[in-house]
Amino acid sequence: MYQKKLLTMAATLLTAFTATADNHTISSPDGRLAVTISDNEGMATYAVKYDGQTILQPSRLGIVTDYADFTHGLTITQSEPSKTYYEYRMRQTKQSYASVDANRTTLTFSNAKGQEMVVNIHVSNNDVAYRYRLLRPKTDNPKCAVVSREVSSFRLPDGTTTFLCPQIGPMTGWERTKPSYEEDYKIDQPMAQQSQFGQGYTFPCLFKTPAAWVLISETGVDGSYVGSHLSDFHSQNGYTIAFPQPGENNGVGTATAGIPLPYATPWRTITVGTTLKPIVETSVSHDLVKPKYQPSYQYKPGRYTWSWLVWQDESINYNDQVQFVDLAAKMGFEYCLVDNWWDQRIGRERIEQLSEYAQSKGVSLMLWYNSNGYENDAPQTPRDCMSTAIARDREMAWLQKIGVKGIKVDFFGGDKQPTMQLYEDILFDANRYGLQVIFHGCTIPRGWEVMYPNYVASEAVLASENVFFSEGHAKSQAFELCLHPFIRNTVGAMDWGGTIMNKYLSRDNKSRHRRYTTDIFEMASAITNQTAVQCIAMQPNNLGELPQFELDFLRHVPTTWSDIRFIDGYPGRYVVIARKHDRDWYVAGLNAEPQPKTLTITMQEWADKTVDYYVDDTKKGPQLRQLKFNKHGQAKITIQPNGGVILK
């Protein structure tokens, strides 16, 4: 399933790699992207240019451990250029196939004591990635180390604007459950604008320089390291890699990383494009990682119903869950998610009966769990079922026995190494019992779709539940969903949590505040939001309320894609994306601007063809029409404010 055909050719890259006494440049295969590494004045630095324009000014490289300091007194002592090409397939990402053509170099830096740090540099046509390799000293000791910090930095040029989500302080928010990557993005901000909470910014981070768009993130983080984020901006150093805050995880565990020697750190990634196309389409998060184990089961993508989003805790009872199982069955959906408190409000014996009933309808249950433990004060149960290996083994064996196919695990403690290990342990143990895993109240994925074959998605975003909780978030929903295809969802699957079809955020569909987006917007978001197990947050009443063409679309909307194509958009304003499923292309657009957006789009595959056109009519409401593309594969579309379009 994840078969990589890897060909690595060590070669002297005369056209791609040049060297002087202390400067080394490696260029992308097309020659447009260039990275220059230097040891000037004893500091390791790198600089990035694209088409000759500065993307990153000289920025620091280096790492500090308890046995050696690799931040000053450094000299490049060895360089090994190579070229690499490989192809691989993925199952639950934005595309099913990727080919990677890159130039690489391995640089060895020695400090004044002769201790060595290796830096691996990877440069493809739109991506730069680097990582550190720490070797075991020639004396054979130490055999392990503590990494206290990195000085890795990103010095973007003057005039750069930012599209960022702030990191929040530890043990804050509701029941001390933060940080959980669920804060408000601010867009088009100057770099000098400090973060809201003074703790920097969560990955991924999007920037617009005077010459290009730049996305910075990391990949390959597992239980052997910490998850990182970016610091606040500093006028001299730019942004730097920041480790977790000491108070995360209820203060348990260090904010540093304990590693064996030798060891290779996670990759820092930088994606560059003069347009947003390389940002939206990048696969760099998955290009640089490999599967850590084989799947024990043929995991299935699909759609799920979810009572909790609108009916909330009161719906966690047997009879209401039967309604949502029946809804899933009538819509042809594969799953039904039973949320928190099910162990108390339904009980384990009745859950077994519900699972049996669901299977008789062709539907599989997914069950919610609290990750705690000791990490925070979130009271929802089941608790203490996922926090230790013994508890997980007992619980997951029972889940397998009663036919449950997935779990949603919530309320994690931050990005410290013990928490990253908990993610990995839950995934590995779940795979032994044929369980797919969704994480909520959590960090972002970092290549996990490839690393862990039963991993589905993470929330790590201000998600759909906030549309229910707050009319303010209902009003800003279009803005938020026009951000994520360019930022959060570019690096990994995102469980935003629901294509909402109720007109009002209430069980009776008449009270509380209304939904401010159109039906077509919601349907299109099932395509612009990417995860292989997608929540279609219909309610039972929608079966008798929605037009037949909307029901038919939702019955058949895919959740896995063989290809992706960026068409148009701007973060927070509007987005148009094409995704391919099997042989069929789907184009989906969303508009968060206060006026209609009229665009001419190009799909060469549809030249001289007529396609289905789902569109908002300001007088008639949602419509299914036909749209003819000309011989050049072009057609004009209009997206209404808070509205959407779908072409298929």
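- Listed by chain and residue number, Q634, K636 satisfy the side chain to side chain contact (heavy atoms under 4.5 Å, CB included) test with T600 (two or more places apart in sequence, or in another chain).
- Every residue two or more places apart in sequence or in another chain that forms a side chain to side chain contact (heavy atoms under 4.5 Å, CB included) with S180 is listed here: K178, E182.
- In this view, K300 satisfies the salt bridge (Lys or Arg N to Asp or Glu O under 4.0 Å) rule with no residue, not counting sequence neighbours.
- Under the salt bridge (Lys or Arg N to Asp or Glu O under 4.0 Å) criterion, the residue pairs touching residues 574-593 are E593-K597, with sequence neighbours excluded.
- Cation-pi geometry between R488 and Y181 is not met: the NZ or CZ atom fails to fall both under 6.0 Å from the ring centre and inside 45° of the normal.
- For the salt bridge (Lys or Arg N to Asp or Glu O under 4.0 Å) test, residues two or more places apart in sequence or in another chain that qualify with K503 are D519.
- With sequence neighbours left out, Y504 forms a side chain to side chain contact (heavy atoms under 4.5 Å, CB included) with S506, N509, R514.
- Donor-acceptor pairing under 3.5 Å is lacking for the side chains of S307 and D320.
- Within the structure, every pair that satisfies the salt bridge (Lys or Arg N to Asp or Glu O under 4.0 Å) test and touches residues 436-447, not counting sequence neighbours, is listed here: E218-R446.
- Nearest heavy-atom pair across G238 and S231 is O-OG, 4.4 Å.
- Scored by the side chain to side chain contact (heavy atoms under 4.5 Å, CB included) test, D232 finds Q194, S195, Y201 as partners (sequence neighbours excluded).
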Acceptor/donor pairs from residues 546-557 side chains to any protein atom, 3.5 angstrom cut, sequence neighbours excluded:
| residue | atom | partner | partner atom | Å |
| --- | --- | --- | --- | --- |
| Q548 | NE2 | D552 | OD1 | 2.9 |
| R555 | NE | K330 | O | 3.3 |

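- Residues D617 and R625 are paired through a salt bridge, judged by an N-O separation under 4.0 Å between the basic side chain and the carboxylate.
- Listed by first and then second residue, the salt bridge (Lys or Arg N to Asp or Glu O under 4.0 Å) pairs involving residues 600-610 are R565-E605 (not counting sequence neighbours).
- Not counting sequence neighbours, T559 has no partner by the side-chain hydrogen bond (donor to acceptor under 3.5 Å, both in side chains) test.
- From D616, atom CG reaches atom CG of N642 across 9.5 Å, with rounding to the nearest 0.5 Å.
- Within the structure, ring pair (Phe, Tyr, Trp, His ring centres under 6.0 Å) contacts touching residues 512-543 (residues at least two apart or in different chains) do not occur.
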